[in-house]
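To start, the structure under review is shown below, and the notes come after it.
In this chain, residues are counted from 1 in sequence order.
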Amino acid sequence: MLYNSLQAIQSDLFASKITVRQVVEGYLQRIEEKKRLNVFLEVFADESLQTADALDKRIADNLQVGKLAGLVVGIKDLISFKGHGLTCSSKILDGFEAKFSATVVERLLKEDAIIIGRQNCDEFGMGSANKNSAYGRVLNNIDNSLVAGGSSGGSAVAVQADLCMVSLGSDTGGSVRQPAAFNGIIGFKPTYGRISRHGLAAFASSFDVIGILSKTLEDNEKVLEVISGKDNFDSSSVSNAFKSADKPTTSKKLVFFKQVMQSEGLSEDVRKQFQDKIQQLKEDGHKVEETDFPLLEYLLPTYYILTMAEASSNLSRYDGVRYGLRENDNSLEHLYKKTRSQGFGEEVKRRIMMGSFVLSAGYYDAYYTKAQRVRKVIKDKTTELLNTYDFIISPTAPGPAFKADKIKSSPIEEYLQDIFTVHASLAGLPAISIPLGKTKENLPIGFHLVANEFEEDALYSFSKYLVTL
Ligand code: GLN
């Protein structure tokens with residue numbers, strides 16, 4: 001039996017029409033059938049069934065159960081779950097076991113969600129196609145020759161293919177939203193600080209957020225309610241936990257950028273679908289305006305300079321001494337070099353080197369400091385816009401999922417995938433990708449909305465209306 005929402009599962013659970021064990025068994029069976037997609041790096045089969053049995057017993061005994069009872073969740077292999085493997089899809093962490101659980105994991109478990117396994121992704125979250133994994137690429141379930149999107153590609157395909165109901169991914173520059181778009185599901189990135197990062201392996205700490213992938217907005221929202229809010233283990237987390245509050249959809253003011261529509265890589269299909277949606281919105285009484293946003297061309301360079309700088313610092317901890325892989329050699333320096341040379345993949349190495357370069361004496365001001373300043377300008381201009389408009393809208397990515405062999409030579413081509421999503425990450429704002437429609441080839445595309453800080457409730461409410469428009 002396949003369920004499309006947590007509410008549907010829970011109503012059958014509480015009416016004794018089904019057991020949690022049966023729900024979990026269903027997922028485990030599909031995971032087995034879809035093994036070739038390479039979504040899960042590890043499945044916690046026995047443990048999930050044990051948790052299910054314990055939960056079934058409590059339900060049978062009429063005892064109180066948590067808000068997420070019956071929800072089967074997958075976690076990206078960047079999120080710690082005590083006693084379970086954690087590799088960040090990297091060889092450098094091969095065999096490493098998490099010593100503690102991420103706050104999000106603790107909160108999910110407390111509300112009786114079942115964590116079914118950890119999901120393949122781009123190494124340390126760096127990539128847009130899920131090809132940069134030491135454990136092989138994730139296949140797109142709609143068409144296996146296409147990429148899954150990235151970096152939370154496994155997490156998105158898992159939801160699309162019904163291998164779990166919700167996934168937790170991480171989003172530094174679009175890693176939840178872009179794969180959601182490529183797989184026709186919902187991908188949500190919270191305001192920076194809304195969800196604790198404790199237990200999320202760091203890529204670029206001032207950008208990283210944990211995000212939620214799901215088929216319905218209601219499930220997405222419910223999970224946010226549970227995992228958001230202050231956490232003493234993350235000093236950047238904020239005190240206000242999210243509380244869903246459906247706001248009536250009155251006439252809204254939306255804005256999109258001229259430069260997005262003129263963007264070179266934007267596919268005709270995506271442009272057309274986006275324009276049609278704008279038309280529909282206008283006909284339904286909303287104000288949709290085009291504006292000039294000359295900063296668009298600075299978004300990617302600023303994002304990549306800053307995230308590479310932060311990554312080079314964050315990833316210095318993987319030295320062969322403290323975690324995972326250790327390539328022994330005759331001196332400590334050689335041990336570092338050998339371990340890091342053999343443990344990291346090509347893209348991660350590229351970023352560490354570029355990041356070290358932009359932070360090096362002599363170039364620091366020219367790149368790092370300048371990018372910090374540009375980030376501030378981007379943030380201020382964006383906030384200014386969001387004081388006038390409710391949402392900034394765009395397609396989520398320039399095109400649909402592409403062929404896995406398309407990006408070969410230049411990493412720039414892959415970086416261009418993030419052109420529309422990095423904006424919200426640079427500004428620390430909440431954003432969501434919802435299914436927009438399909439291309440002529442029947443591939444899903446995403447519609448992207450950005451809201452002002454902590455306006456997740458408005459984002460969800462409007463998205464609920466939009467998916468029915
Ligand atoms: N694709 C982007 C990158 O490679 C975004 C990654 C992410 O959000 N983790 O940096």
Side-chain angles (χ1 to χ4, degrees), residues 39-44 47-48 51 68 71-90 92-94 96-111 113-127 130 133-135 138 150-159 163-173 175-177 179-180 187-190 192-205 207-214 220 223-224 226-229 231 233-234 236-237 311 314-315 317-318 323-324:
V39 163
F40 282 93
L41 295 179
E42 193 181 346
V43 181
F44 312 138
E47 184 179 339
S48 299
T51 317
L68 301 182
L71 188 75
V72 175
V73 183
I75 53 174
K76 185 179 186 178
D77 188 27
L78 244 64
I79 299 175
S80 310
F81 185 5
K82 189 175 175 177
H84 300 74
L86 175 68
T87 70
C88 302
S89 291
S90 179
I92 208 152
L93 281 174
D94 207 13
F96 179 74
E97 211 178 74
K99 301 286 176 282
F100 62 91
S101 287
T103 301
V104 289
V105 166
E106 301 266 6
R107 290 183 179 173
L108 285 178
L109 295 176
K110 196 161 161 250
E111 292 298 337
I114 288 169
I115 299 181
I116 200 153
R118 71 185 157 92
Q119 298 157 333
N120 202 351
C121 57
D122 282 299
E123 187 177 359
F124 286 101
M126 299 178 191
N130 220 134
S133 164
Y135 305 98
V138 172
S151 63
S152 313
S155 307
V157 172
V159 171
L163 311 184
C164 62
M165 201 151 213
V166 167
S167 295
L168 291 190
S170 67
D171 190 310
T172 306
S175 277
V176 161
R177 294 162 283 155
F188 163 80
K189 168 212 179 295
Y192 182 82
R194 179 71 102 169
I195 300 176
S196 165
R197 283 178 295 118
H198 176 64
L200 169 70
F203 159 12
S205 312
F207 292 77
D208 295 341
V209 295
I210 288 177
I212 307 163
L213 299 115
S214 65
N220 208 296
V223 171
L224 180 63
V226 167
I227 64 177
S228 61
D231 174 21
F233 289 115
D234 174 2
S236 65
S237 70
N314 274 328
L315 272 61
R317 71 189 62 163
Y318 306 106
Y323 306 93

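Here the straight-line distance linking atom OG1 of Thr172 with atom CZ of Phe207 works out to 9.0 Å at 0.5 Å rounding. Taken to the nearest 0.5 Å, the OG atom of Ser155 stands 11.0 Å off from the CG atom of Leu163. Remark: Glu42 CD to Phe81 CZ distance equals 10.0 Å, nearest 0.5 Å. Note that CZ of Phe124 and OG of Ser90 are 4.5 Å apart. Values are rounded to the nearest 0.5 Å.
A heavy-atom distance below 4.5 Å is not found between the side chains of Val223 and Phe188. Under the 4.5 Å side-chain criterion, counting only non-hydrogen atoms from C-beta, Leu168 is in contact with Val104. Proximity of Val39 to Asn120: side-chain heavy atoms (C-beta onward) are nowhere separated by under 4.5 Å. Here the side chains of Leu86 and Asp77 are in contact, with some heavy-atom distance below 4.5 Å. Side-chain contact between Arg177 and Asp171: present, with at least one pair of heavy atoms (C-beta onward) separated by less than 4.5 Å.
Judged by the 6.0 Å and 45° rule, Lys189 forms no cation-pi pair with Tyr192.
Counting non-hydrogen atoms of other residues, nucleotides and ligands closer than 6.0 Å to CZ of Phe100 gives a total above 12.
For the side chain to side chain donor-acceptor pair (under 3.5 Å) test with Ser151, the passing option among Ser89, Ser133, Ser175, Ser170 is Ser175; the others fail.
Panel note: side chain Arg197, backbone Ser236; no donor-acceptor pair is recorded below 3.5 Å.
Using modelled atom types, one finds a donor on one side chain and an acceptor on the other under 3.5 Å when comparing Ser152 with Lys76.
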